[in-house]
There are 2 protein chains.
Amino acid sequence: MVEDQAIEIAEIFHLLGDPTRLRIVTCCLEEPRNVGEIAETVGVSASLVSHHLRLLKATRLVRADRRGKQVFYVAADEHVQKVLKDMMDHVAEQHREAP
Amino acid sequence: MVEDQAIEIAEIFHLLGDPTRLRIVTCCLEEPRNVGEIAETVGVSASLVSHHLRLLKATRLVRADRRGKQVFYVAADEHVQKVLKDMMDHVAEQHREAP
DNA sequence: CAAACGATTGAACATATATTCAATTATTTG
DNA sequence: CAAATAATTGAATATATGTTCAATCGTTTG
């Protein structure tokens with residue numbers, strides 16, 4: 001892997017590498033969720049959610065869609081879902097090896 | 001996703017979220033590589049590689065195997081490979097959408 | 001056993017980053 | 001138009017983190 005690829009891919013991993021941000025992404029993985037919903041589900045302030053969503057949107061991990069006063073966010077594409085699934089498999093495997 | 005899972009999974013993403021560390025992992029993805037090889041391939045000091053490998057080993061993303069004076073490291077299991085592959089697909093897709 | 005080699009460790013430092021709080025911007029509705 | 005609701009923004013801050021450098025540890029070999 002060359003430097004440029006590494007930087008680009010690492011940037012995405014880095015975004016998923018924060019617990020709050022990861023929960024925000026998984027929260028709007030199945031269907032679009034507005035900021036208030038996400039904040040309540042994750043258990044943090046709307047302000048913090050908004051800050052994180054700005055980063056996620058900038059790297060196109062989520063897309064925004066305003067409907068009236070609310071803004072709905074949804075995870076970008078199916079690759080993210082696959083990545084998350086593989087990672088959950090990895091963690092599950094770990095636990096099977098060392099319970 | 002519950003808090004505990006998020007923290008555990010985010011921890012792994014976080015490790016892959018640094019360009020240097022990501023390149024270290026990909027460097028010993030196919031076959032075991034010793035610290036010197038990794039340092040040269042990635043283009044950083046052996047000291048830095050060692051620091052990063054300590055973190056990667058602690059989270060069991062790599063395994064260590066000493067042979068004489070050298071210590072060989074190899075990526076832990078196939079899930080990591082799948083995660084990386086999906087992420088590369090994601091990046092490739094992005095570039096196809098916005099060249 | 002001493003020298004050489006490879007790898008690890010710890011301290012130090014500059015930088016990046018997650019979070020909070022208050023202020024501001026959009027949009028709807030009374 | 002004013003009030004209310006939802007979301008964004010910016011500044012401030014405490015903490016985490018990547019990197020460097022020098023010292024140390026483990027192993028082999030002359």
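Below, chains carry the letters A, B, ... as their sequence lines are ordered, and counting in each starts from 1.
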Checklist entry - Which ring pair (Phe, Tyr, Trp, His ring centres under 6.0 Å) pairs, counting each pair once, include a residue from residues 12-48 of chain A, with sequence neighbours left out? => result F13(A)-F13(B)
Checklist entry - Can you list every pair that meets ring pair (Phe, Tyr, Trp, His ring centres under 6.0 Å) and has a residue in residues 26-68 of chain A, with sequence neighbours left out? => result none
Next on the checklist: Using the side chain to side chain contact (heavy atoms under 4.5 Å, CB included) criterion, which residues pair with A76(A)? Sequence neighbours excluded.
Outcome noted: none
Checklist entry - Nucleotide range of DNA chain C contacted by chain A, 5' to 3', under 4.0 Å to a heavy atom? => result dT17(C) to dT28(C)
Item to check | Partner residues of Q81(A) under the side chain to side chain contact (heavy atoms under 4.5 Å, CB included) criterion, sequence neighbours left out | outcome: L29(A)
Item to check | DNA chain C: 5'-proximal contact among G68(A) and V44(A) (nearest heavy atom) | outcome: V44(A)
Checklist outcome for this item: In B/S/- notation (B base, S sugar-phosphate only, - none; protein heavy atoms under 4.0 Å), nucleotides 6-18 of chain D written 5' to 3' is SSBBB------SS
Checklist entry - What salt bridge (charged side-chain N to carboxylate O under 4.0 Å, His left out) pairs are there with at least one residue in residues 1-12 of chain A, not counting sequence neighbours? => result E3(A)-R23(B)
Checklist outcome for this item: Here the side-chain hydrogen bond (donor to acceptor under 3.5 Å, both in side chains) pairs for residues 66-75 of chain A, sequence neighbours left out, are D65(A)-R67(A)
Item to check | Contacts of K85(B) that satisfy salt bridge (charged side-chain N to carboxylate O under 4.0 Å, His left out) - sequence neighbours left out | outcome: D89(B)
Next on the checklist: Which heavy atom of M87(A) sits nearest to which heavy atom of I9(B), and what is that distance?
Outcome noted: CG-CG2, 3.5 Å
Checklist entry - With hydrophobic residues grouped by side-chain heavy-atom distances under 4.5 Å, do F72(B) and V74(B) end up in a single group? => result no
Next on the checklist: At a heavy-atom distance below 4.0 Å, what parts of residues 23-33 of chain A sit against DNA chain C?
Outcome noted: none
Item to check | Any pair counted as salt bridge (charged side-chain N to carboxylate O under 4.0 Å, His left out), so long as it reaches residues 30-48 of chain A, sequence neighbours left out | outcome: E31(A)-R33(A)
